[in-house]
Amino acid sequence: GADEQERAAYHLLPVEKYQYLAKSGCYKVDGVDDQEQFNAVKVAMTVLGIAEDTQQDLFRVLSAILLLGNLEFKAEKDGSAIKNPDLSSTIASLLCVDGAMLASTLTSRNLKIRGQEIKVQLKPEQA
């Protein structure tokens, strides 16, 4: 339901390209106009007093969540790495975070053992 400007701003893909959504195989509901419904959501948010910049932030986060499902990981050294780093950079941009920090967060975890922090690399299936 987003217009072209919103599609570009939020890096939106066709619905069937999202792994999280593709699993259901249901992309269209008969009698439902996605554009009309999306506009109704934006109007409702405005009526509720949600500022336009906050709405944009919400849509960026939602887009990032959908794109996170498309990330792929590969084995590398003692852990894993992101197989599609361009996508990771897009997600980082949508979330307004550093790309390297996002990649590190997705491929490792920090443990605190006896007061000492240890960074553990995750295997691709864990990432």
Side-chain angles (χ1 to χ4, degrees):
D3 62 32
E4 289 303 316
Q5 185 178 3
E6 291 166 326
R7 288 177 196 271
Y10 306 132
H11 302 274
L12 297 178
L13 304 173
V15 67
E16 61 274 0
K17 298 284 185 183
Y18 291 104
Q19 292 298 313
Y20 286 152
L21 303 178
K23 293 178 183 185
S24 73
C26 179
Y27 308 116
K28 187 82 174 136
V29 177
D30 290 336
V32 174
D33 182 337
D34 290 337
Q35 180 69 47
E36 185 179 295
Q37 292 297 310
F38 184 60
N39 288 334
V41 166
K42 292 191 297 187
V43 168
M45 291 171 91
T46 301
V47 169
L48 289 171
I50 300 172
E52 188 174 332
D53 60 333
T54 303
Q55 291 179 37
Q56 292 170 355
D57 290 344
L58 288 168
F59 295 134
R60 276 199 311 274
V61 170
L62 289 172
S63 177
I65 290 168
L66 288 172
L67 290 171
L68 278 167
N70 289 10
L71 280 179
E72 297 177 26
F73 300 90
K74 61 183 177 181
E76 188 173 275
K77 298 179 189 173
D78 293 333
S80 62
I82 296 173
K83 201 185 281 191
N84 40 357
D86 289 345
L87 181 58
S88 176
S89 294
T90 298
I91 295 166
S93 172
L94 285 165
L95 295 174
C96 301
V97 299
D98 177 70
M101 183 172 33
L102 177 65
S104 175
T105 301
L106 293 172
T107 58
S108 65
R109 66 181 177 159
N110 293 326
L111 300 176
K112 193 168 191 173
I113 301 172
R114 296 183 190 172
Q116 184 178 20
E117 272 200 39
I118 300 171
K119 187 174 191 173
V120 178
Q121 296 300 314
L122 299 174
K123 296 177 181 168
E125 58 274 4
Q126 297 171 313

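These values consider heavy atoms only, across backbone and side chains, with no hydrogens, waters or symmetry-generated copies.
Taking hydrophobic clusters as Ile, Leu, Val, Met, Phe, Trp and Tyr residues chained together by side-chain heavy-atom distances below 4.5 Å, Leu102 does not share a cluster with Val120. Taken together through direct or relayed side-chain contacts under 4.5 Å among Ile, Leu, Val, Met, Phe, Trp and Tyr, Val61 and Phe59 form part of one hydrophobic cluster.
In the hydrophobic clustering, Val47 connects to Val43, either directly or through intervening members, whenever side-chain heavy atoms lie under 4.5 Å apart.
The closest side-chain heavy-atom distance from Ile82 to Asn84 is below 4.5 Å. Looking at Met45 and Leu58, their side chains come closer than 4.5 Å, going by heavy atoms from C-beta outward. Tyr10 has its side chain out of reach of Leu62: every pair of non-hydrogen atoms, C-beta onward, lies at least 4.5 Å apart. Put simply, the side chain of Tyr18 reaches to within 4.5 Å of the side chain of Leu12, judged on heavy atoms.
Scanning all heavy atoms of the two residues, the minimum distance from Leu67 to His11 falls at CD1-O, 4.1 Å. In terms of heavy atoms, Tyr27 sits closest to Leu21 at CE2-O, 4.0 Å. Heavy-atom minimum distance, Ala22 versus Glu16: CB-O, 3.9 Å. When all heavy atoms of Lys74 and Pro124 are compared, the closest pair comes out as C-CG, 3.5 Å.
Heavy-atom contacts from other residues, nucleotides or ligands closer than 6.0 Å to CZ of Arg7 number more than 12. Atom NZ of Lys23 is surrounded by 12 or fewer heavy atoms from other residues, nucleotides or ligands within 6.0 Å. Within a 6.0 Å sphere centred on CD of Gln5, heavy atoms belonging to other residues, nucleotides or ligands number 12 at most. More than 12 heavy atoms of other shown residues, nucleotides or ligands fall within 6.0 angstrom of atom CD in Gln35. Environment of CG in Asp53: crowded, with over 12 heavy atoms of neighbouring residues, nucleotides or ligands closer than 6.0 Å. The neighbour count for Glu125 CD, taken as heavy atoms of other residues, nucleotides or ligands under 6.0 Å away, is above 12.
Checked options Thr90, Leu94, Ile91; the residue passing with Ser63 is Leu94 (criterion: side chain to side chain contact (heavy atoms under 4.5 Å, CB included)).
Between the OG atom of Ser89 and the CG atom of Asp98 there is a distance of 9.5 Å, given to the nearest 0.5 Å. Expressed to the nearest 0.5 Å, how far OG1 of Thr107 lies from CZ of Arg109 amounts to 12.5 Å.
Judged purely by atom type and a 3.5 angstrom limit, Glu6 uses its side chain to pair as donor or acceptor with the backbone of Asp3. Using a distance-only test at 3.5 Å, with no hydrogens or angles considered, a donor-acceptor pair links the side chain of Ser80 to the main chain of Leu122. A donor-acceptor pair is defined here as one N or O able to donate and one able to accept, closer than 3.5 Å; such a pair exists between the side chain of Thr46 and the backbone of Lys42. Within the 3.5 Å criterion, the main-chain N or O of Met101 finds a donor-acceptor partner in the side chain of Thr105. Within the 3.5 Å criterion, the main-chain N or O of Gln121 finds no donor-acceptor partner in the side chain of Asp78.
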Let me see the working for Leu13 and Asn70 under side chain to side chain contact (heavy atoms under 4.5 Å, CB included), right down to the final yes or no. CA-CA 11 Å; Leu13 304 173; Asn70 289 10; 3.8 Å; yes

Is there a side chain to side chain contact (heavy atoms under 4.5 Å, CB included) between Gln19 and Leu71? Walk through the geometry before answering. CA-CA 9 Å; Gln19 292 298 313; Leu71 280 179; over 6 Å; no

